[in-house]
Enquirer: 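Pasting a structure here, questions to come.
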2 protein chains.
Amino acid sequence: MVQQGEGGQRVRLTRDRVLEAAVALADEIGIEAVSMRRLAQEVGVVPMALYKHVANKEELLDGMVDLLVAEIDPPARDVGWKPAVRLRVLSARRALLRHPWARPVLETRVNKTPAVLDYMDSFIGMFLAGGFSVDLTHHVMHALGSRMWGFTQELFQEPAPAAAEPPPAPPPEAMAAMLGQMAALYPNVARVATASAHDDGSVVGPGCDDQFEFEFALDLLLDGFERLHAQGWSSRS
Amino acid sequence: MVQQGEGGQRVRLTRDRVLEAAVALADEIGIEAVSMRRLAQEVGVVPMALYKHVANKEELLDGMVDLLVAEIDPPARDVGWKPAVRLRVLSARRALLRHPWARPVLETRVNKTPAVLDYMDSFIGMFLAGGFSVDLTHHVMHALGSRMWGFTQELFQEPAPAAAEPPPAPPPEAMAAMLGQMAALYPNVARVATASAHDDGSVVGPGCDDQFEFEFALDLLLDGFERLHAQGWSSRS
DNA sequence: ACCTGAACACCGTTCAAGT
DNA sequence: ACCTGAACACCGTTCAAGT
């Protein structure tokens, strides 16, 4: 992984190389394992050398988000606000699924970089171009929240593989016993959890189709926005 | 802060005392400053003593969440599913606002404790009691996501006071210059951000009424749920 | 049974020094 | 201008020892 030229001479570090290496490393080993020291080792440099290119770890994470944002498609042209928003959110979601580290990182960003503000600005622009009032657009953006990035806080959230081996599944009979106990103690959870074995037909727990759930909620909101817009909704009323 | 009896004799540590101290400490200094070492100091004990009462830091955080869940009102009786859900979500939200550490902690929980499962079970029960199909209830719970806890990933999220002094505001003229630049570079963001000076009448940035935004989105979703329920919606259709 | 002390393997970041 | 080395002030957690 140490970056060297043909003859072994050092390749100069740049901010971009640092950020790209950070993204690749986070994709590979999970964000919680990415430390300044680990990243330095990855690019073949002493930890402190990184600080010539990013002020601190926060700025590193901001830069990683910028690379992510660059992967999101621009707004579709010549379609209504509704498909435009829908397509863009789903594009953001694809970028996010490619980079599982991005969700927790986005959640903790406090300063918005120009790239992030650009994304938000053009996102808001889709509603305004669709004839939404500034007032309604404001509330609609809040209602969308992190869904603008293609994710939501899920309830039954699987804890993200973290690029490590999942713990070995318990033996089938132990599993069955646990499920029985679950069903006895939390009958409603059990019914709802086992109800929809969407994609893989598995009976145990979350065989949920996350994409379906995401689009279900997204469309519910978009339909709501459409209805409010059609009836000329205003917060002063 | 060291816990001692009258004559200076030690008060025995218990799991409950550890958890309550952790909650109080997180309320006071912010969750990111709560370390096992800092908490130990708070209860007047050497760090390792805590490990007799909680297996590790994760379990400490799980226990803190349990104390939070205990503050949420039980479901209202003899009302429809809609007001019942609404009231309970808003009760959860009040608990959450009392304990700003709870949001990030909930987001990172991976194992659900019995108290959390109890809450979820009775939450799901409100929809089932209202006549929702198991199928619709499943999707509705996903759509609600973290809103069940009274929070959402906000976009313009203020970074939570962290129980520390906020940095001093820049001088007014610098502020105005920054706003002007903002408006030039990100016109849509600027329009929407300055549009609603709800509560405090401030023109600068997020004078947003978070509670209004939360209820706006919640009601949008509840209305959507109601509509789907009324029309007998099913995922197989 | 409960608490202590010393140690291990990590962090992010500083400062002064090297080339 | 860029990179290095040593150090500081932290982490969570282990192990063996004390009472």
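Please read all numbers here as calculations on a predicted model, not as lab measurements. Proteins come first, then strands; the chains are lettered A, B, ... in the order of their sequence lines, and each starts at number 1.
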Enquirer: List the atom pairs, with distances to 0.1 Å, where a side-chain N or O of residues 49-56 of chain A and a protein N or O form a donor-acceptor pair under 3.5 Å, not counting sequence neighbours.
Expert:
from	atom 1	to	atom 2	distance (Å)
His53(A)	NE2	Leu13(A)	O	3.2
Asn56(A)	OD1	Glu58(A)	N	3.3
Asn56(A)	OD1	Glu59(A)	N	3.1

Enquirer: Suppose we screen for ring pair (Phe, Tyr, Trp, His ring centres under 6.0 Å). Which residues come up paired with Phe123(A), at least two apart in sequence or across chains?
Expert: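 For Phe123(A), the residues satisfying ring pair (Phe, Tyr, Trp, His ring centres under 6.0 Å) (neighbours in sequence not counted) are Tyr119(A).
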Enquirer: Could you verify whether a donor N or O on one side chain and an acceptor N or O on the other, from Ser122(B) and Arg88(B), lie under 3.5 Å apart?
Expert: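 There is such a pair between these side chains.
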Enquirer: Apply ring pair (Phe, Tyr, Trp, His ring centres under 6.0 Å) to Phe216(A) and list each qualifying residue two or more places apart in sequence or on a separate chain.
Expert: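 In terms of ring pair (Phe, Tyr, Trp, His ring centres under 6.0 Å), with neighbours along the sequence ignored, Phe216(A) is linked to His139(B), Trp233(B).
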Enquirer: If I compare all heavy atoms of Arg15(A) with all of Gly63(A), which pair ends up nearest, and what's the gap?
Expert: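 Closest approach of Arg15(A) to Gly63(A), heavy atoms only: NH2-CA, 4.4 Å.
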Enquirer: Once each nucleotide of nucleotides 12-19 of chain D is scored for protein heavy atoms under 4.0 Å, what B/S/- sequence comes out, 5' to 3'?
Expert: BBBB----
Enquirer: If I take atom CG in residue Leu50(A) and atom C1' in nucleotide dC2(D), what distance separates them, rounded to the nearest angstrom?
Expert: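 One finds 13 Å between C1' of dC2(D) and CG of Leu50(A), rounded.
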Enquirer: Out of Leu60(A), Val34(A), Val65(A), which residue meets the side chain to side chain contact (heavy atoms under 4.5 Å, CB included) rule with Val105(A)?
Expert: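 Option passing the side chain to side chain contact (heavy atoms under 4.5 Å, CB included) with Val105(A): Val65(A).
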Enquirer: Could you list the residues that satisfy salt bridge (charged side-chain N to carboxylate O under 4.0 Å, His left out) with Glu71(A), not counting sequence neighbours?
Expert: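 For Glu71(A), the residues satisfying salt bridge (charged side-chain N to carboxylate O under 4.0 Å, His left out) (neighbours in sequence not counted) are Arg98(A).
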Enquirer: Between dC10(C) atom P and Ile29(A) atom CD1, what is the distance in whole Å?
Expert: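 Atom-to-atom, Ile29(A) to dC10(C), this comes out as 13 Å.
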Enquirer: Under 4.0 Å: is that the gap between some side-chain N or O of His53(B) and OP1 or OP2 of dC2(C)?
Expert: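 Negative; the distance criterion is not met.
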Enquirer: Using a 3.5 Å limit on both pairing distances, list the dot-bracket string of DNA chain D from the 5' end; Watson-Crick and G-U wobble pairs count, crossing pairs take [ ], interstrand pairs take |.
Expert: ||.|||||...|||||.||
Enquirer: Could you tell me the separation between the NZ atom of Lys52(A) and the P atom of dC2(D), rounded to a whole number of Å?
Expert: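 So the NZ-P distance, Lys52(A) to dC2(D), works out to 8 Å.
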Enquirer: Would you mind checking if Arg38(B) and Glu42(B) are paired as a salt bridge, meaning a charged N to carboxylate O distance below 4.0 Å?
Expert: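 Between Arg38(B) and Glu42(B) there is a salt bridge, with a charged N closer than 4.0 Å to a carboxylate O.
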